[in-house]
Protein chains: 2
Amino acid sequence: MDRKQVTIQDVAREAGVSTATVSRTLSKPTVVAKPTRQAVLRAVQKTGYQVNHLARNLRRGRTGSVIALAPNLANPFFSQILAGMSEVLSARNYGLLIADTQMGPDPDERLRRYLAAGAADGLVLFDGSLSPAALDVPGRPPVVAACEWLKVDLPSIRVDNAMGAELAVAHLADLGHSRIGHVTGPRRNVLARTRLAGWRDAMTRRGLDPREGWVFEGDFSMDSGAMAARRWLAAPDRPTALFFASDEMAVGFLGEARRADIRAPRDVSVVGFDNIEVAAHLDPPLTTIRQPRTLIGQRAAALLMDLIEGGDGAAFESMVEVDLILRDSTAPPPPPAPAGQASSKAAGAA
Amino acid sequence: MDRKQVTIQDVAREAGVSTATVSRTLSKPTVVAKPTRQAVLRAVQKTGYQVNHLARNLRRGRTGSVIALAPNLANPFFSQILAGMSEVLSARNYGLLIADTQMGPDPDERLRRYLAAGAADGLVLFDGSLSPAALDVPGRPPVVAACEWLKVDLPSIRVDNAMGAELAVAHLADLGHSRIGHVTGPRRNVLARTRLAGWRDAMTRRGLDPREGWVFEGDFSMDSGAMAARRWLAAPDRPTALFFASDEMAVGFLGEARRADIRAPRDVSVVGFDNIEVAAHLDPPLTTIRQPRTLIGQRAAALLMDLIEGGDGAAFESMVEVDLILRDSTAPPPPPAPAGQASSKAAGAA
DNA sequence: CTGAAAGCGCTTACAG
DNA sequence: CTGAAAGCGCTTACAG
């Protein structure tokens, strides 16, 4: 591997100028006389010179890249977000490093290392479970929180999860449902908690009962949705409609429910959260709350860029809105069953 | 932002030694006398010193990171692969940069820039549409192709797509199908071509007719699967079974077919490719060819590491095997319909 | 075992 | 408009 790297020296020699002039030609061409500039560019062509970013960055005191830190890279949820970030960053010639916080033994220590000098010029955090203390690195670069994160006051891009819950409950209540349940994400997850709280508020606001027995714990995964289906089926006084904290859980629920010959929206109305790609292709197509993930990535990157360039980020912080995508998994509640059946209590809700 | 960076100088002063000794204590501790070492470590603690990677890397002539270059980062297909790469790389203290080839105006030029000195120590290529000429950069770092790529001879990790097609056709033929169709990926995609060729070979090998009219062109997306459903429905002599080049297309097909009251496996048998997460949760759960994506990422990273460290990669190149995941979307073909109907010719196949 | 010194490849005040 | 020179923070032969 004899990579005989072409350096700025080679170009300078070839063009008969100093390295300073070569450098200037490449970074601030206007300041160089035209004939000189042309000679330099010719020499660059001839030698095939490519700037060595390592050296440039060391000199400039920046790395030219930022890190996106996610709790689980394998989660396809992040792919669109990363694509959004990459779009904004690459337009500015910044690199995008990705890392998984939950991979090693000590996530906090990993974060601290990524904040060390020379690792990156900034960082976007998607993992709300990291401890705020890990951010306490002297001279650390700017950090953007792209998750709800209650404990620390970081510049952030937030998704309006409360609004999502409100839209879901409003839609179901408008259809005539009063027994509206909720399938949650993991208890410790802040997103999950906000959606749960949003469901409670939306129910209460309408004089509906946000009953504890109508809350089914999940962890965002399809499997946990399938499990929720089994618990829902066994519940004595089960809701006629369910708002899921993720589409994946709704998918798992629908698949499992179907095995018990329960169909949406005939037997139960279902609203998801995220609008993952498959949602439109299910049977029935899933009504859901859409999160604009590409936008989240773009916004997070733009905010970080502003911070890196010395801005205060104020103009870039934002609450990303969500909206209801109406499909076919919701309908008015089924008519009350005759007395003596498991769902008899539904009569009271009509 | 007054980041007063702590440098190796500060530590040296604090410990009363030279910077060389500090450096050695940190990289090759054994070569330093114990008392000295301890003094240095104390000074590191006290000052909160963190090595500046930029400087270290410039000196060492490496960047400490590699690039994964994908045609479309938003495709969730890549998330597991990236997670697999990240796992291997971070264990070795390498960073993972990601970039999207199809974002800018000139993909080849982007590739060339990423191959420039100082951008990364190596690169994994997932985009088979890039032109080989773009790799022709003097002194470029090692590149691993993690896609089938016929034109260039790069160290590579390949997925056994032909085997996947064979498994799918074998399974359907064993069930009694003889009219087995194929829904392809995009024509120009090498993966798609290999799967199509694999289907043809597998059919021919069994004396079955790989009829052109049984090939439906798609582009891997759910939408294209739905379109294939419409074309399949309209086909005069339609196949009783379909092998899809992607699960996503199978999902789109099933959703659309259901609207025409066509169900798998009652009316048509369906085999996908990939084993995406939702496959297990569909109704019916989808029989498919599984690609171990995490493994692909791990292998690609391991191969690249070997190349970067001066190996020839030979021991790390590999063909990743696929397997058939049997679920409920396949069954023996429906009995031939009575004469006079569209599917009457099926009788000949019984 | 330790230190003085060179140097990785670039950029940028400072002179002229 | 251009060049000589310093220096970004580190590592590593080379002496001792």
Side-chain angles (χ1 to χ4, degrees), chain A residues 2-41 43-44 47-64 93 116-121 138-139 141, chain B residues 2-41 43-44 47-64 93 116-121 138-139 141:
Chain A
D2 66 330
R3 309 184 195 168
K4 38 182 153 187
Q5 172 156 236
V6 180
T7 76
I8 204 171
Q9 312 267 11
D10 302 317
V11 180
R13 197 175 317 117
E14 177 70 31
V17 299
S18 73
T19 59
T21 298
V22 176
S23 175
R24 279 192 284 258
T25 304
L26 265 25
S27 350
K28 319 191 195 65
T30 52
V31 84
V32 178
K34 194 160 179 189
T36 318
R37 200 194 315 160
Q38 288 174 331
V40 170
L41 292 177
V44 166
T47 56
Y49 172 73
Q50 298 257 41
V51 64
N52 179 320
H53 292 90
L54 237 36
R56 165 181 284 179
N57 290 340
L58 173 60
R59 180 60 230 241
R60 286 189 178 166
R62 40 154 269 176
T63 70
N93 278 311
D121 299 336
Chain B
D2 66 329
R3 308 185 198 170
K4 36 182 151 183
Q5 172 155 239
V6 181
T7 76
I8 205 171
Q9 313 266 12
D10 302 316
V11 180
R13 198 176 315 116
E14 178 69 31
V17 299
S18 74
T19 58
T21 298
V22 176
S23 176
R24 280 191 284 257
T25 304
L26 266 25
S27 348
K28 316 191 196 69
T30 52
V31 83
V32 178
K34 196 161 178 190
T36 319
R37 201 195 313 160
Q38 287 174 332
V40 170
L41 291 177
V44 167
T47 55
Y49 172 73
Q50 299 257 41
V51 65
N52 180 320
H53 292 91
L54 238 36
R56 166 180 285 178
N57 291 339
L58 173 59
R59 182 56 231 242
R60 288 191 177 162
R62 41 155 268 176
T63 69
N93 278 311
D121 299 335

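Numbered from 1 within each chain, the chains take letters A, B, ... in sequence-line order. The figures that follow rest on heavy atoms only: side chains count, while hydrogens, waters and symmetry mates do not.
Residues forming a side chain to side chain contact (heavy atoms under 4.5 Å, CB included) with A/A39 (at least two apart in sequence, or on another chain): A/R42. A/R60 pairs by the salt bridge (charged side-chain N to carboxylate O under 4.0 Å, His left out) definition with nothing, not counting sequence neighbours. Listed by chain and residue number, A/T25, A/L26, A/R37 satisfy the side chain to side chain contact (heavy atoms under 4.5 Å, CB included) test with A/L41 (two or more places apart in sequence, or in another chain). Annotation: side chain to side chain contact (heavy atoms under 4.5 Å, CB included) contacts of A/S23 (sequence neighbours excluded): A/I8, A/S27. By the side chain to side chain donor-acceptor pair (under 3.5 Å) test, B/T21 pairs with B/S18, sequence neighbours left out.
Between B/V17 and B/V40 the shortest side-chain heavy-atom distance falls below 4.5 Å.
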Contact state string [nucleotides 7-16 of chain C, B base, S sugar-phosphate only, - no protein heavy atom under 4.0 Å]: BBBBBBB---

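Neither side chain, A/N57 nor A/T63, offers a donor N or O lying under 3.5 Å from an acceptor on the other.
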Base-pairing string, 5' to 3', of DNA chain D - Watson-Crick or wobble, under 3.5 Å, | interstrand: |||.||||||||.|||

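Across the P atoms, D/dC14 and D/dC10 are found 24 Å apart, a figure rounded to whole Å.
Contacts classified as salt bridge (charged side-chain N to carboxylate O under 4.0 Å, His left out) and involving residues 11-35 of chain B (residues at least two apart or in different chains) are given here: B/D10-B/R13, B/E14-B/K46.
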